[in-house]
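Working notes, structure below.
Reckoned from all heavy atoms, side chains included, excluding hydrogens, waters and symmetry mates.
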Amino acid sequence: MYVVKRNGKFVFTERYNDPMTGKLKSASVTLEKNTNHYKKMAREILADKIKEKLKFTGTEDITISELVRRYQEDQSRTVTKSTYTRNVFATNALARILGGDVIANRLSAGYVRDCFNRTGESNGTLNERLKRFKALIRWGYRNDLIDDIRYIDKLTPYEDKEKAIRLKEKFLERDELKKLLQNIAVTKWRMLAALTALSGLRIGEAIALEQKDVDFKNRIISVNKTVDIVNDIVTAPKTLTSTREVYMQDELLDLCRKIKAYTMSECMRNGVRTRLFVCDENGNHVQYYAYNKCLKRTAKNVLGREITSHIMRHTHVALMAEAGVDLETISDRLGHANSKVTREVYMHVTERMKEERNNRIKNINLLANC
């Protein structure tokens, strides 16, 4: 660092090598004095300036905290607000578990596994952490912030013996769904639960539906928006594939007619007008939390366990699989480009059906009377 006096002040300058061009460049700061205190201040300021100039070259030793910060910044521009919020919580947790000051380029499979093991979390939770960690590291690699990520292939999923039990809890059997619907006391909530179970719509998509989105003549529900529950706004659907048309089978068509009639009747009774397919007493979007509370309470009372609104979507997968609908058709209906849970529910149901068929055949003796 060198100092030049100019116009009664002191210009402190530090040179550095620009790795993108291979040329020397300089950073400067002007201060009032040239004492030891001001020299120290200048060095700190110039170090930060140079670091800022180099930060996108991928040459500096980036910490986990800085990697997470940049990842979140990118996510804020490229994903929906609800996905962004979820990823912020997940990646902040990763920084805490791995150590925010740890250099990302120095991570190893052994270190990551050891940090995960020390959390004491269940294997299922750790597998979710692992999935989010790999997404973060791959993003860093694609953006030239991390040099080598081959070690992540060594990070295989934890053995999860309770996975099958948890998977069963992600959807309702046919008789459980019927029992639940029969016991939901609030007509509007009962219809909304049936709508999501029979269509596979996300709850935000169902709440956002407008009357023009339900085409009775062509038996089509157009999904083109969703209510972001966390941020309480209407946005585009979750992903590109989420914008879709859902065909109404007979029972769904009949239900939608009943919902339309109920909404019109309620609006007339309350003296309001609405463009929505399902609305509250003021013609506005219904309150998700009131619906979800009713769903949880009813399920707890009649099924012995609480459920979430998203379970109705998984239930649709199970019911369609039982009906013999192929996985690709179900995925298109749900607006899924690639869903692990959808595949798992589908495979669970179809394998169970295969086992049931085999058990029916097992003791048949076709030559018994010959």
Side-chain angles (χ1 to χ4, degrees), residues 1 12-29 42-119 126-158 236 238-242 337-340:
M1 181 177 73
F12 297 81
T13 303
E14 186 74 86
R15 291 185 174 181
Y16 66 95
N17 184 67
D18 183 353
M20 300 299 289
T21 64
K23 297 180 180 179
L24 277 177
K25 291 190 175 181
S26 61
S28 301
V29 61
R43 287 193 182 95
E44 292 175 351
I45 293 172
L46 292 175
D48 287 340
K49 279 192 171 186
I50 293 171
K51 182 178 180 181
E52 182 68 20
K53 290 177 182 292
L54 293 174
K55 75 175 184 177
F56 290 113
T57 66
T59 59
E60 87 277 23
D61 287 331
I62 190 170
T63 64
I64 295 294
S65 289
E66 179 63 10
L67 178 66
V68 165
R69 185 190 70 78
R70 295 189 196 178
Y71 176 71
Q72 291 176 356
E73 183 180 296
D74 181 71
Q75 290 268 293
S76 70
R77 299 190 300 268
T78 57
V79 301
T80 63
K81 284 192 175 183
S82 57
T83 299
Y84 168 73
T85 301
R86 181 199 67 193
N87 289 343
V88 165
F89 283 113
T91 50
N92 284 346
L94 286 174
R96 184 180 67 253
I97 292 169
L98 297 172
D101 294 334
V102 171
I103 305 300
N105 265 319
R106 299 178 189 174
L107 290 173
S108 66
Y111 176 81
V112 173
R113 181 77 69 172
D114 186 54
C115 288
F116 277 24
N117 290 343
R118 286 202 302 268
T119 66
L126 291 178
N127 282 336
E128 289 299 314
R129 300 265 191 227
L130 192 56
K131 182 170 68 174
R132 182 46 45 200
F133 170 74
K134 288 185 176 182
L136 171 67
I137 296 302
R138 289 190 178 106
W139 179 89
Y141 179 73
R142 289 195 303 272
N143 288 274
D144 294 324
L145 299 173
I146 301 176
D147 297 328
D148 189 352
I149 63 170
R150 287 174 294 178
Y151 72 90
I152 67 174
D153 291 334
K154 300 177 184 178
L155 292 167
T156 55
Y158 289 82
K238 186 177 181 182
T239 64
L240 289 176
T241 56
S242 294
N338 182 21
S339 170
K340 182 180 178 182

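Atom-to-atom distance recorded for Ile149:CD1 and Lys134:NZ is 10.0 Å, nearest 0.5 angstrom. For the atom pair CG of Leu24 and CG of Asn17, the computed distance is 6.0 Å after rounding to the nearest 0.5 Å. Here SG of Cys115 is found 5.0 Å from CG of Leu98. Values are rounded to the nearest 0.5 Å. One finds the CG atom of Asp144 at 11.5 Å from the CD1 atom of Ile62 (value rounded to the nearest 0.5 Å). With rounding to the nearest 0.5 Å, the separation of CG in Leu155 from OG in Ser108 is 8.5 Å.
Under a 3.5 Å cut-off, the side chain of Lys49 and the backbone N or O of Ser28 do form a donor-acceptor pair. Using modelled atom types, no side-chain atom of Tyr71 and backbone atom of Glu66 make a donor-acceptor pair closer than 3.5 Å. Judged purely by atom type and a 3.5 angstrom limit, Asn105 uses its side chain to pair as donor or acceptor with the backbone of Asp147. Thr91 places a side-chain N or O within donor-acceptor distance of the main-chain N or O of Asn87, the cut-off being under 3.5 Å. Side-chain N or O atoms of Asn143 include one that pairs as donor or acceptor with a backbone N or O of Trp139 at under 3.5 Å.
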#### Entry: Verdict with reasoning, Arg70 to Asp74, per salt bridge (Lys or Arg N to Asp or Glu O under 4.0 Å)
CA-CA 6 Å; Arg70 295 189 196 178; Asp74 181 71; over 6 Å; no
### Query
Going through the checks in order, is the side-chain contact (heavy atoms from CB on, under 4.5 Å) test met by Leu94 and Phe116?
CA-CA 9 Å; Leu94 286 174; Phe116 277 24; 3.9 Å; yes
### Step-by-step side-chain contact (heavy atoms from CB on, under 4.5 Å) determination, Val29 to Glu14
CA-CA 9 Å; Val29 61; Glu14 186 74 86; over 6 Å; no
### Message
Walk me through whether Phe12 and Ile45 qualify under side-chain contact (heavy atoms from CB on, under 4.5 Å).
### Response
CA-CA 10 Å; Phe12 297 81; Ile45 293 172; over 6 Å; no
### Task
Check the pair Glu128, Lys131 against salt bridge (Lys or Arg N to Asp or Glu O under 4.0 Å), reporting the backbone distance first and the verdict last.
CA-CA 5 Å; Glu128 289 299 314; Lys131 182 170 68 174; 3.5 Å; yes
### Task
Determine, stepwise, if the pair Leu67 / Ile137 fulfils side-chain contact (heavy atoms from CB on, under 4.5 Å).
CA-CA 9 Å; Leu67 178 66; Ile137 296 302; 4.1 Å; yes
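Contact of the Thr13 side chain with the Met1 side chain is not registered, since no non-hydrogen atoms from C-beta on lie closer than 4.5 Å. Inter-residue side-chain proximity for Ile50 and Lys25 is flagged as unmet; no heavy-atom pair is nearer than 4.5 Å. Considering only heavy atoms from C-beta on, Leu107 comes within 4.5 Å of Ile64 through its side chain. Residues Thr119 and Leu126 form a side-chain contact, since some pair of their non-hydrogen atoms from C-beta on lies under 4.5 Å apart.
The two atoms that bring Ala27 and Leu46 nearest to each other are O-CD2, 3.3 Å, heavy atoms only. For the pair Thr63 and Gly100, the tightest heavy-atom approach, listed with the atom from each and the gap, is CB-O, 3.3 Å.
With sequence neighbours excluded, the residues forming a side chain to side chain contact (heavy atoms under 4.5 Å, CB included) with Asn117 are Arg113, Tyr158, listed by chain and number. For Ala90, the side chain to side chain contact (heavy atoms under 4.5 Å, CB included) partners are Arg132, not counting sequence neighbours.
Classification of the Phe133-Tyr151 ring pair by plane angle, with boundaries at 30° and 60°, yields tilted.
Salt bridge absent: Arg150 and Asp153 never bring a charged side-chain N and a carboxylate O closer than 4.0 Å.
Within the structure, every pair that satisfies the salt bridge (charged side-chain N to carboxylate O under 4.0 Å, His left out) test and touches residues 84-107, not counting sequence neighbours, is listed here: Asp61-Arg106.
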